[in-house]
Each structure stands twice: as structure tokens, then as C-alpha cells.
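Note on naming: letters A, B, ... go to the chains in the order of the sequence lines (proteins, then strands), and numbering restarts at 1 for each one.
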Amino acid sequence: SQTIHQWPATLVQPVGSPLSLECTVEGTSNPNLYWYRQAAGRGLQLLFYSVGIGQISSEVPQNLSASRPQDRQFILSSKKLLLSDSGFYLCAWSLESNQPQHFGDGTRLSIL
Amino acid sequence: AQTVTQSQPEMSVQEAETVTLSCTYDTSENNYYLFWYKQPPSRQMILVIRQEAYKQQNATENRFSVNFQKAAKSFSLKISDSQLGDTAMYFCAFMKQYNNDMRFGAGTRLTVKP
């Protein structure tokens with residue numbers, strides 16, 4: 001069966017510091033991969049998605065970036081974090097477009 | 001652009017009773033997919049149920065069922081025989097066909113009371 005791993009679970013970072021959140025999927029090949037952000041008390045906002053290695057689509061302009069160095073690895077990064085980057089970040093995968101997305105446990109990011 | 005509206009920020013229900021969560025959406029598309037996700041206090045997002053717009057039959061999954069009204073662009077979730085473990089945030093989501101952008105509503109916080 002497929003599993004998705006996301007780490008770390010919580011992270012506290014100072015403003016201006018770099019960020020790297022990692023997500024890996026096991027048990028499937030060439031999945032679609034997604035990064036979402038969930039602000040407190042709100043729904044999810046799609047940040048990036050990827051349909052293959054090296055293929056990244058960005059949904060909103062921001063100081064975050066994503067990379068997919070391997071088939072089942074999706075990384076969310078920033079060179080300099082802003083206070084507004086605080087939130088709950090969720091990674092997800094799906095077999096293909098139109099299929100349900102399955103989520104990781106999320107990372108709670110607090111910027112000080 | 002597609003928007004998803006959940007007009008009930010919070011709801012509560014007694015254990016074993018039935019509750020219905022509302023969701024409406026706005027789209028000009030004819031083919032699309034609708035989802036309900038559950039997010040318990042553990043924060044993990046769990047798929048509850050999925051509906052294809054081209055199917056007239058309402059999707060069901062054990063105690064969970066939907067009332068899909070395509071013309072009205074309404075997609076409500078009914079939870080029967082509510083259990084304490086159903087306490088969670090519930091998100092309605094919309095996705096166009098052949099698309100990766102899933103749009104979520106703001107969520108409804110459901111509390112099941114003993």
C-alpha cells in the first residue's frame with residue numbers, strides 16, 4: 001500500500017532563515033505530488049504541484065519554491081522566511097489528475 | 001475561477017444523530033469532481049467521499065453520503081449515526097477534470113457530543 005511521509009512535524013524558524021520541508025511517497029511510481037498551505041482556521045491553498053521529476057507548477061507567487069529531485073520526493077524550500085509564511089503545510093499525492101489526493105501528516109511552521 | 005463555499009463555520013450534533021454539512025460551489029465547467037475531506041485534531045487530512053459530476057447517483061460510503069445537486073451546484077454531506085470520532089473539521093473540495101488544482105472551502109468544524 002502507498003504511504004506518504006512528511007517531516008518535520010513541527011518547526012520554529014526565525015524570520016530570514018532558510019526552509020526545507022521534505023515529503024516522500026512509498027508504494028507507487030510517478031505520482032502527482034502537491035504542497036498545500038493551511039492558514040489558521042482556513043481551508044487549504046495549493047502552492048505547487050508536480051506531475052514528474054523536475055516538473056513543478058506554481059499556483060501562487062511567493063518566496064517559496066519546490067523541487068522534485070526524485071520520482072517520489074518533493075521538497076518545499078525558501079531562502080528567506082517571512083512572518084507570513086507561518087502556517088500548516090501539507091504534502092499530498094495522487095495517482096494522476098482527477099484522482100483523490102492523499103495527504104501527509106503536515107508540518108506546523110512557526111516564524112518568530 | 002472556481003470557488004467553494006461552506007456556509008456553516010461550526011456545527012454540533014448529538015451522538016447517534018444525523019447531521020448535514022452544506023457546500024456550494026461556483027463553476028462554468030460541466031465535468032468535475034467533488035470531495036469531502038475530514039481533518040481531526042491530529043490534523044491529518046482524510047478523504048471521506050468523492051463524487052464525479054457526470055454521475056447522477058449520489059456517492060455513499062458507509063455512514064457518509066452526499067446530496068449532489070448539479071443544477072444548484074450544491075454538494076452536502078450527510079453523516080448518519082454520528083460517532084464521537086467524527087469530531088473534526090470537514091472540508092468540501094472541487095477539482096476540474098484533467099486538472100491538479102483542488103479548491104477547498106473554508107471548512108466546517110463539527111463537534112459530536114456524547
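Residues B:Met45 and A:Leu44 are in side-chain contact: their nearest non-hydrogen atoms beyond the backbone lie under 4.5 Å apart.
Among all heavy-atom pairs drawn from B:Gln44 and A:Phe103, the shortest one is NE2-O, 4.1 Å. Nearest heavy-atom pair across B:Tyr98 and A:Asn98 is N-OD1, 2.5 Å. Nearest heavy-atom pair, B:Met95 versus A:Gln99, reported as atom, atom and distance to 0.1 Å: CE-O, 3.8 Å.
Heavy-atom pairs under 4.5 Å with chain A peak, among B:Ala106, B:Ser42, B:Gly107, at B:Ala106.
No continuous path of ILVMFWY side-chain contacts below 4.5 Å connects A:Tyr49 to A:Leu64, so the two sit in separate hydrophobic clusters. Cluster membership check: B:Met102 does not share its hydrophobic cluster with B:Tyr25, using side-chain heavy-atom separations under 4.5 Å among Ile, Leu, Val, Met, Phe, Trp and Tyr. At a threshold of 4.5 Å between side-chain heavy atoms, the hydrophobic network of Ile, Leu, Val, Met, Phe, Trp and Tyr places A:Phe88 and B:Leu47 in one connected group. Under a hydrophobic clustering in which Ile, Leu, Val, Met, Phe, Trp and Tyr are joined whenever their side-chain heavy atoms come within less than 4.5 Å, directly or via other members, B:Val48 and B:Phe68 fall into the same cluster. Hydrophobic cluster membership differs between A:Ile4 and B:Phe91, with clusters built from Ile, Leu, Val, Met, Phe, Trp and Tyr side chains linked at under 4.5 angstrom.
A distance of 11.0 Å separates OG in A:Ser97 from CG in B:Asp101, rounded to the nearest 0.5 Å.
B:Arg43 touches chain A through backbone and side chain together, each having a heavy atom under 4.5 Å away. For chain B, the nearby part of A:Gln38 is the side chain; its heavy atoms alone come within less than 4.5 Å. For chain A, the nearby part of B:Tyr37 is the side chain; its heavy atoms alone come within less than 4.5 Å. Neither the backbone nor the side chain of B:Glu52 has a heavy atom closer than 4.5 Å to any heavy atom of chain A. With a 4.5 Å cut-off on non-hydrogen atoms, A:Leu46 touches chain B through its side chain but not through its backbone.
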Legend entry - Stepwise side-chain contact (heavy atoms from CB on, under 4.5 Å) check, B:Phe35 with A:Gln101: CA-CA 10 Å; B:Phe35 307 86; A:Gln101 296 177 16; over 6 Å; no
Inset, instruction - Starting from the C-alpha separation in whole Å, work towards a yes-or-no answer on side-chain hydrogen bond (donor to acceptor under 3.5 Å, both in side chains) for A:Tyr34 and B:Asn100. - result: CA-CA 9 Å; A:Tyr34 310 84; B:Asn100 292 288; 3.1 Å; yes
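Open room surrounds NZ on B:Lys78; 12 or fewer heavy atoms of other groups in view lie less than 6.0 Å from it.
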